[in-house]
Amino acid sequence: MEKVRVRFAPSPTGYLHVGNARTALFNWLFARKHDGAYVLRIEDTDAERSEAQYETRLVEDLRWLGLDWDEGVDVGGACGPYRQSDRLELYQRYARQLLDDRRAYYCFCTPEEIEADRQRLLAEGRPPKYSGRCRSIPPQEAQRRLERGEPSAVRLRVPEGPVRFRDLVHGELEFSSDVIGDPVLLRSDGHPAYNYAVVIDDALMKISHVIRGDDHISNTPRQILTYQALGWTPPHFAHLSTILGKDHTRLSKRHGATSVSSFRDQGYLPEALVNYLALLGWSPPEEGKEILSLEQIARSFELGKVSKAAAVFDPDKLNWINRAYLKSVGRARLAELSKRYFCAAGLLTPGANGAVEDWLGDVMDAILGYLDRLDQVVEKSGLIFQFDPAAFEPASRESLASEEARQVVEAFDREFEQRDPLTVEDYRKAAQQVQRQTGQKGRNLFHPLRAALTGAEKGPELEKLIPIFEKAKVLPLPQPIPGCRERLRQALSLRTGIRK
RNA sequence: GGCCCCAUCGUCUAGUGGUCUAGGACGCCAGAUUCUCAAUCUGGUAACGCGGGUUCGAUCCCCGCUGGGGCUACCA
């Protein structure tokens with residue numbers, strides 16, 4: 001079997017979008033599955049819209065996702081250059097060949113003429129294809145006009161007859177060539193048109209399978225015709241369905257953040273994003289097992305099993321997958337990853353030391369169950385970083401106002417006094433003591449303690465919170481966090497205040 | 001307008017001419033657990049767009065319709 005070579009060929013006209021990321025992913029998976037090569041090519045022939053900074057972002061985003069490439073921009077390779085703007089002479093060379101073979105011709109039509117033709121055809125209710133006006137200009141005349149400096153484009157002479165191809169996800173596809181006007185190969189500024197450049201690049205880079213978005217289906221016949229005119233064998237094609245937003249229109253900024261970098265900023269893990277994207281249009285062979293690594297997915301990936309229908313992007317499912325990964329990454333990495341969010345909120349200093357990071361691990365462990373994304377850490381850890389009896393929830397104030405609750409809290413305070421800092425074991429012993437002393441148990445025992453410690457009715461387990469509060473006492477934090485006894489004392493004085 | 005693509009629970013999907021009383025996952029609901037909430041576990045809810053064919057029999061094959069999406073550039 002021929003060597004599998006696939007490519008991802010984005011144009012650097014903006015940030016990497018999740019839709020494109022999925023295309024990149026499926027190419028990567030296919031290459032991995034077949035032990036082939038994955039090429040990254042930059043399609044920057046549209047100088048007006050392309051920007052170098054976007055290429056850098058693209059490379060960063062792809063790397064972050066873990067979709068490494070074997071050849072291409074940034075890594076080099078045998079089929080370079082990998083940036084279309086560096087391949088201009090190649091496009092010229094093959095255009096000349098096509099011209100010499102009379103498979104292509106010079107077109108001197110002005111943009112105004114073409115637009116006028118288009119409008120007329122449209123008005124007549126006919127397909128707006130190129131008229132073919134310059135098709136039969138004799139070579140000598142074309143040469144003369146060229147020498148006179150007349151601006152000209154190069155067009156492919158499209159032959160009669162249908163164009164057929166077999167798409168790896170859609171099956172047999174057929175197009176009538178009489179709706180295809182002679183496409184421009186080279187623009188009058190000498191730059192190649194997209195549909196021409198891809199052909200030259202894919203052929204020269206020996207791409208075996210072109211896997212791309214299904215918005216390219218109708219471009220495919222043109223490209224196949226170009227391969228044929230050059231006497232080359234077209235690659236295999238596979239067209240992936242579009243990703244839609246909740247309203248079933250193409251996923252775009254209107255649906256919120258859609259760039260890969262924005263997902264990173266929100267605190268999605270790359271393995272989660274990529275896992276979710278793979279599930280959009282492809283399903284794992286084993287039912288019920290959807291949390292899979294790139295390697296696991298690559299092993300069972302098949303283009304033929306990819307869905308033809310457009311898929312709606314579902315943030316809920318992405319969140320579920322992200323939660324699954326957040327739970328599995330381990331406290332050290334979690335602390336490391338969450339640091340930037342705490343720093344941004346001023347709760348931590350960037351140079352935080354090992355003890356602080358270790359403590360942060362405890363914090364993350366406590367709030368993990370509440371997180372979809374890492375950018376929620378500050379919000380979800382509010383009751384750890386903020387302690388203000390004046391801001392206690394009304395329900396907590398109320399429950400602390402009872403005599404029973406006051407006794408429980410005071411008893412805890414006495415028990416805690418003997419240990420500093422308090423450990424989970426100390427706390428457990430204290431709870432037993434308090435239970436014995438006050439006769440309170442269960443909810444009546446723990447709830448007043450929770451209310452006094454956090455001022456809230458709900459939150460992480462006390463066994464997790466207590467060591468966090470205690471350890472925080474000695475940490476160099478920008479905003480000090482009171483320990484348990486301090487909290488109890490303040491809560492008790494608050495209650496007294498209310499009574500008066 | 002023309003051409004093209006697509007159509008199973010709310011969403012992602014499995015599935016095949018009869019075994020489908022249509023499977024899984026997310027979501028949602030309920031129960032279990034817990035000091036509380038979250039997490040977790042268990043259970044439940046929910047779909048073959050419509051109309052014609054073909055066939056002994058269609059979710060699965062064909063046609064039409066409807067709906068959605070795309071292309072229709074000297075953009076990519």
Enquirer: Rounded to the Å, how far apart are A/Glu115 CD and B/A73 P?
Expert: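 Computing the A/Glu115:CD to B/A73:P distance gives 9 Å.
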Enquirer: Taking atom C1' in both B/C26 and B/A14, what distance in whole Å separates the two?
Expert: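 15 Å, rounded to whole Å.
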Enquirer: Check side-chain hydrogen bond (donor to acceptor under 3.5 Å, both in side chains) between A/Arg93 and all other residues, then give those that pass, not counting sequence neighbours.
Expert: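 Scan of A/Arg93 (side-chain hydrogen bond (donor to acceptor under 3.5 Å, both in side chains), adjacent residues dropped) gives none.
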Enquirer: Contact class for A/Phe313 vs. all strands (heavy atom < 4.0 Å): base, sugar-phosphate, or nothing?
Expert: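 It contacts nothing in the nucleic acid.
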Enquirer: Once side-chain hydrogen bond (donor to acceptor under 3.5 Å, both in side chains) is applied, what residue pairs with a partner in residues 444-462 of chain A remain, sequence neighbours excluded?
Expert: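 Checked against side-chain hydrogen bond (donor to acceptor under 3.5 Å, both in side chains) - neighbours excluded - the pairs reaching residues 444-462 of chain A are A/Ser396-A/Glu457, A/His447-A/Glu457.
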Enquirer: Over all strands shown, is A/Ala153 touching base, sugar-phosphate only, or nothing at heavy-atom distances under 4.0 angstrom?
Expert: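 Here A/Ala153 touches the bases of the nucleic acid.
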Enquirer: Please report, rounded to the nearest Å, how far the C1' atom of B/A76 is from the CZ atom of A/Arg222.
Expert: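 So the CZ-C1' distance, A/Arg222 to B/A76, works out to 13 Å.
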Enquirer: Which residues in residues 128-137 of chain A have a heavy atom closer than 4.0 Å to any atom of RNA chain B?
Expert: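 Only A/Pro128 qualify.
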Enquirer: Using whole Å, what does the distance between atom P of nucleotide B/C3 and atom CG of A/Leu173 come to?
Expert: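 Computing the A/Leu173:CG to B/C3:P distance gives 15 Å.
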Enquirer: Heavy-atom contacts under 4.0 Å between residues 87-96 of chain A and RNA chain B, which residues?
Expert: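 By residue number: none to list.
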Enquirer: Report yes if at least one side-chain N or O of A/Arg155 is closer than 4.0 Å to OP1 or OP2 of B/C74; otherwise report no.
Expert: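 Checking A/Arg155 against B/C74: at least one side-chain N or O falls below 4.0 Å of OP1 or OP2.
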Enquirer: Listed by chain and number, what are the ring-ring contact (aromatic ring centres under 6.0 Å, His included) partners of A/Phe313, not counting sequence neighbours?
Expert: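 Testing A/Phe313 for ring-ring contact (aromatic ring centres under 6.0 Å, His included), a comparison that skips the adjacent residues, returns A/Phe263, A/Tyr276.
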Enquirer: For A/Ser188, answer base if it contacts any base atom (sugar-phosphate contacts may also be present), sugar-phosphate if it contacts only those atoms, and nothing otherwise; contact means non-hydrogen atoms under 4.0 Å.
Expert: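 Contact class for A/Ser188: base.
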Enquirer: Please enumerate all residues that pass side-chain contact (heavy atoms from CB on, under 4.5 Å) together with A/Ala335, with sequence neighbours excluded.
Expert: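 Per chain and number, A/Ala335 pairs via side-chain contact (heavy atoms from CB on, under 4.5 Å) with A/Leu360.
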Enquirer: Using the 3.5 Å cut-off, write out each protein N or O paired with an N or O of nucleotides 67-69 of chain B and the distance between them.
Expert:
none

Enquirer: Quote, to the nearest angstrom, the C1' distance that separates B/C50 from B/G67.
Expert: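 About 10 Å, rounded to a whole number of Å.
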Enquirer: Using the ring of each side chain (for Trp, its six-membered ring), is A/His239 parallel, tilted or perpendicular to A/His170, with breaks at 30° and 60°?
Expert: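 The arrangement is tilted - the two ring planes meet at 30° to 60°.
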Enquirer: So A/His239, base contact, sugar-phosphate only, or nothing? Heavy-atom distance under 4.0 Å.
Expert: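 No contact.
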Enquirer: Closest-nucleotide mapping onto RNA chain B: is A/Val169 or A/Leu371 further toward the 5' terminus? I mean the 5' end.
Expert: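 Closest to the 5' end, via its nearest nucleotide, is A/Val169.
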Enquirer: According to side-chain contact (heavy atoms from CB on, under 4.5 Å), who are the partners of A/Ala203, at least two apart in sequence or on a separate chain?
Expert: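 Scan of A/Ala203 (side-chain contact (heavy atoms from CB on, under 4.5 Å), adjacent residues dropped) gives A/Tyr227, A/Trp232.
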Enquirer: Parallel, tilted or perpendicular for A/Phe416 and A/Phe412, by the 30°/60° rule?
Expert: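 Geometry flag for A/Phe412 against A/Phe416: tilted rings.
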Enquirer: Looking across every strand, which nucleic acid part, if any, lies under 4.0 Å from A/Asn444 by heavy atom: base, sugar-phosphate, or nothing?
Expert: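 No contact.
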Enquirer: Taking atom CZ of A/Arg96 as the centre, report whether more than 12 heavy atoms of other residues, nucleotides or ligands fall under 6.0 Å from it.
Expert: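 Atom CZ in A/Arg96 is not packed in, count stays at 12 or less.
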Enquirer: With heavy atoms under 4.0 Å as the rule, sort A/Ile180 into base, sugar-phosphate or nothing.
Expert: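 If one applies the 4.0 Å heavy-atom cut-off, A/Ile180 turns out to touch nothing in the nucleic acid.
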Enquirer: Distance check, P atoms only: B/G31 and B/U45, in whole angstrom units.
Expert: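 These two P atoms come out 16 Å apart once rounded.
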Enquirer: Looking only at atom C1', what distance separates B/U55 and B/C60, rounded to whole Å?
Expert: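 Looking at atom C1' only, B/U55 and B/C60 are 13 Å apart.
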Enquirer: My understanding is that only residues two or more places apart in sequence, or in another chain, count here; which of them pass side-chain contact (heavy atoms from CB on, under 4.5 Å) with A/Asn20?
Expert: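 If we apply the side-chain contact (heavy atoms from CB on, under 4.5 Å) test to A/Asn20, skipping adjacent residues, the hits are A/Phe8, A/Leu16, A/His17.
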Enquirer: Treating primed atoms plus P, OP1 and OP2 as sugar-phosphate and everything else as base, which nucleotides of nucleotides 24-36 of chain B get B, S or - for protein heavy atoms under 4.0 Å?
Expert: BBBS-------BB
Enquirer: Find the distance A/Ile217:CD1 to B/U72:P and express it as a whole number of Å.
Expert: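 Rounded to whole Å, this separation is 13 Å.
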Enquirer: How long is the line joining CG of A/Leu465 and C1' of B/A38, in whole Å?
Expert: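 Rounded to whole Å, this separation is 12 Å.
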Enquirer: Taking atom CD as the centre, does A/Glu150 end up with more than 12 heavy-atom neighbours from other residues, nucleotides or ligands that are less than 6.0 angstrom away?
Expert: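 Correct, the count exceeds 12.
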Enquirer: With the criterion being N/O to N/O and under 3.5 Å, what pairs connect the protein with nucleotides 44-46 of chain B, and how long is each?
Expert:
none

Enquirer: Mind calculating the distance between CG (A/Leu156) and P (B/C74) to the nearest angstrom?
Expert: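 To the nearest whole Å, that distance equals 13 Å.
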Enquirer: To the nearest Å, how far apart are A/Leu279 CG and B/A14 P?
Expert: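 Going from CG in A/Leu279 over to P in B/A14 covers 11 Å.
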Enquirer: Distance check, P atoms only: B/A47 and B/C75, in whole angstrom units.
Expert: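 To the nearest whole Å, 50 Å.
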Enquirer: How close or far is atom C1' of B/C74 from atom CG of A/Leu186, stated in whole angstroms?
Expert: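 So the two atoms are 10 Å apart, to the nearest Å.
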Enquirer: Looking across every strand, which nucleic acid part, if any, lies under 4.0 Å from A/Lys327 by heavy atom: base, sugar-phosphate, or nothing?
Expert: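 Sugar-phosphate only.
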Enquirer: Using modelled atom types and a 3.5 Å cut-off, is there a donor and acceptor pairing between side-chain atoms of A/Asn275 and backbone atoms of A/Leu292?
Expert: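 Here the side-chain-to-backbone pair exists.
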Enquirer: Report the base-pairing partner of B/A73 (Watson-Crick or G-U wobble, both distances below 3.5 angstrom), or none.
Expert: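 With both distances under 3.5 Å required, B/A73 matches none.
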Enquirer: Can you name the side-chain contact (heavy atoms from CB on, under 4.5 Å) partners of A/Arg103, sequence neighbours left out?
Expert: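 If we apply the side-chain contact (heavy atoms from CB on, under 4.5 Å) test to A/Arg103, skipping adjacent residues, the hits are A/Leu98, A/Asp101, A/Ala229.
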